[in-house]
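Whatever order the structure lists ligands and atoms in, that order sets their numbers, starting from 1.
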Amino acid sequence: MLAFPLLTCRPLAEVALGAAAAAQRPNVLFIMTDDHAAQSISSYGSKVNHTPNMDRIAKEGMRMDRVFATNSICTPSRATILTGKYSHLNGVPVFNRFDGSQPTVAKMLQQAGYYTAMIGKWHLGSDPTGFDYWNILPGQGVYNNPTFYDKDGSTVYQGYVTDIITDITIEVLKNRPKDKPFFMMSHHKAPHREWIPDEKHRKQFEGKHIPEPPTLRDDYSGRTDAIREQQQSVFRDLTRQDLKLTPPPELTGAAARKWLMEKPTEVEIEVDGVKKRLTGKELEDFKYQRYMQDYLACIQSVDDNIGRLLDWLDANGLRENTVVIYTSDQGFFLGEHGMYDKRFMYEESLRMPFLVRWPAGIKPGSASDAIGINCDFAPTFLDLAGLPTPADMQGRSFLPLWKGGKPRNWRRAMYYRYYHDPGDHNTRAHYGIRTETHKLIYFWKKDQWECYDLVADPLEMHNLYNDPGSQKIVAALKQELYRLKKEVKDDDQFADSQPQTSSYVQAPPPKKQ
Ligand code: CA
């Protein structure tokens, strides 16, 4: 007699998966900020701030140390996260409009019975598809009293954008259909330029001296023209608006706006009622401190709101089987190599923070150094739902890593490509690879190369490309670069992409009646 007659009809794996999937597919709460660098999260060893609630995710779950953006800029990273594909296959190499008719992970989860929701910064130029509920900022959105819009029109919310995104997220979670697992994308505007903190945190870093990164005054010796030509320098390129300076009273309207957009070479500030003119190194110090004080204050608001969400999940019986992820669409320069912004393939910009808590599936306090990419997010969400990765997705599920292992055939190198040249910051287009120990970057429009030994030179200050003793490793890296480029099907389809600003500024639809 057969003890388990059902097993003779269907393969064991399918039965096990089907039962598990039906009974207890985990919820996913995906919290993503815009431009948050891992080096400003204390669980990643921050020297500039303390983030207790982000750390709580890491302490109760896993910190992933090597998750990288495949194209370090907002809109392309978002398109990659949704599709599991590189920019050249999802059609979004620069700020161009995302074609929402293509397959996305949201659509697949929705079809598989998940309740899907998207709240906050979308920034893809077209309206969301595959979500049961969506309510988003038009384009970049604003920090104070932001407009949001959904399928029925727009609404102005009173308050600070980071709080409001969390309020809406909690409200939607409260009202969700309880018979379905949920997939919730809660996307913050913060800490995107121009770094406007809320009142609660504005003074938190005021008057405090933020430690400088060791490469703040990098002189770029030995590097290519690309790093010298960039216009994302803390000392040279921050505007008066970035520095929160106030226009003289005689300037109004367009004249005041023009004044704010200029990059000052001297600044007058008032200290204890006395006016002081800053130039030279004093001005440089002022610029770095002001930039960081505002940036970090924006992060504190995000951290508070992550705490609110974790508390809400824990209080509502959703702790055990909800996967909570905290990440950012890419990294950011916090003065490293003298820069702000992202775009370059250097570590601070390439690296995405990635913290994940899932009590039912991840050991608390764990860490992974496996090389992950943003193409992996969609396959991971599908795997959580018991769904296979479609053949045309280019990532693989993180689940084996979360279970504490690292498959023997896990990737040893990742491929990167940035197109938005010259863009707002005159950043040169480039592609390259990052392995576990090295990085090779090719600025193809300049035909110039950089190569770094990340073990001996983690700050990426010594370009080995022309070093006679490094020619063997350079040749090996080049071979691997071209192999990976081919493997990910990059045949230079978008090599001539022109920067676009169409989704940067987006008028919201008419107000709701
Ligand atoms: Ca971004």
Side-chain angles (χ1 to χ4, degrees), residues 30-41 44 54 67-83 86-87 90 92-98 118-125 128 136-143 146 161-162 165 185-196 230-232 237-238 242 291-292 294-296 298-299 301-302 325-336 339-355 373-375 377 416-421 423-425 427 499-506:
F30 180 78
I31 308 167
M32 183 164 79
T33 41
D34 193 335
D35 294 356
H36 187 190
Q39 67 273 26
S40 52
I41 297 178
Y44 281 101
M54 294 173 197
V67 175
F68 302 117
T70 47
N71 181 358
S72 177
I73 190 166
C74 310
T75 303
S77 180
R78 287 153 200 273
T80 290
I81 288 168
L82 284 170
T83 59
Y86 271 85
S87 303
N90 65 37
V92 186
V94 292
F95 282 144
N96 47 298
R97 184 177 180 275
F98 179 70
M118 163 65 221
I119 293 153
K121 184 161 178 186
W122 174 249
H123 201 209
L124 281 161
I136 60 171
L137 297 167
Q140 293 281 5
V142 296
Y143 276 102
V161 71
T162 307
I165 288 166
M185 301 186 102
S186 182
H187 290 190
H188 289 286
K189 169 183 174 60
H192 193 277
R193 192 183 185 190
E194 58 278 354
W195 319 296
I196 299 178
Q230 51 80 16
Q231 293 169 8
Q232 51 188 91
D237 298 312
L238 290 175
D242 293 329
Y291 160 46
M292 287 299 291
D294 288 342
Y295 181 90
L296 295 176
C298 290
I299 303 290
S301 173
V302 173
I325 292 166
Y326 177 68
T327 188
S328 167
D329 57 350
Q330 8 67 209
F332 215 64
F333 294 106
L334 304 182
E336 295 89 359
M339 291 194 277
Y340 63 96
D341 215 80
K342 54 268 181 177
R343 301 160 196 267
F344 280 101
M345 201 189 159
Y346 305 125
E347 286 295 274
E348 296 83 3
S349 154
L350 181 70
R351 184 189 201 189
M352 307 166 86
F354 198 101
L355 305 172
I373 54 176
N374 50 357
C375 297
F377 298 6
Y416 179 86
R417 187 159 189 168
Y418 172 83
Y419 298 86
H420 202 71
D421 175 353
D424 302 320
H425 296 286
T427 314
Q500 297 184 8
T501 54
S502 59
S503 70
Y504 221 65
V505 180
Q506 184 185 340

Student: May I ask you to say whether D35 pairs ionically with K342, meaning some side-chain N is under 4.0 Å from a carboxylate O?
Tutor: yes
Student: Among the N/O/S atoms of D35, select the one at the shortest distance from the Ca ion (ligand 1) and name it.
Tutor: OD1
Student: By the definition side chain to side chain contact (heavy atoms under 4.5 Å, CB included), identify the one residue from P353, S186, P191 that meets it with T33.
Tutor: P191
Student: Okay, side chain of K189, backbone of Q140: is any donor-acceptor separation there less than 3.5 Å?
Tutor: yes
Student: Quick one, M185 and I81 - any side-chain contact, counting heavy atoms below 4.5 Å?
Tutor: yes
Student: Sub-3.5 Å donor-acceptor pair from the side chain of Q232 to the main-chain atoms of Y340, do we have one?
Tutor: yes
Student: Restricting to N, O or S, what is the name of the atom of D329 that lies nearest the Ca ion (ligand 1)?
Tutor: OD2
Student: Measure from the Ca ion (ligand 1) to every N/O/S atom of D34 and report the name of the nearest one.
Tutor: OD1
Student: Hey, is there an N, O or S on C74 sitting under 3.0 Å from the Ca ion (ligand 1)?
Tutor: yes
Student: I'd like to know if the Ca ion (ligand 1) has an N/O/S atom from Q330 within less than 3.0 Å of it, counting both backbone and side-chain atoms.
Tutor: yes
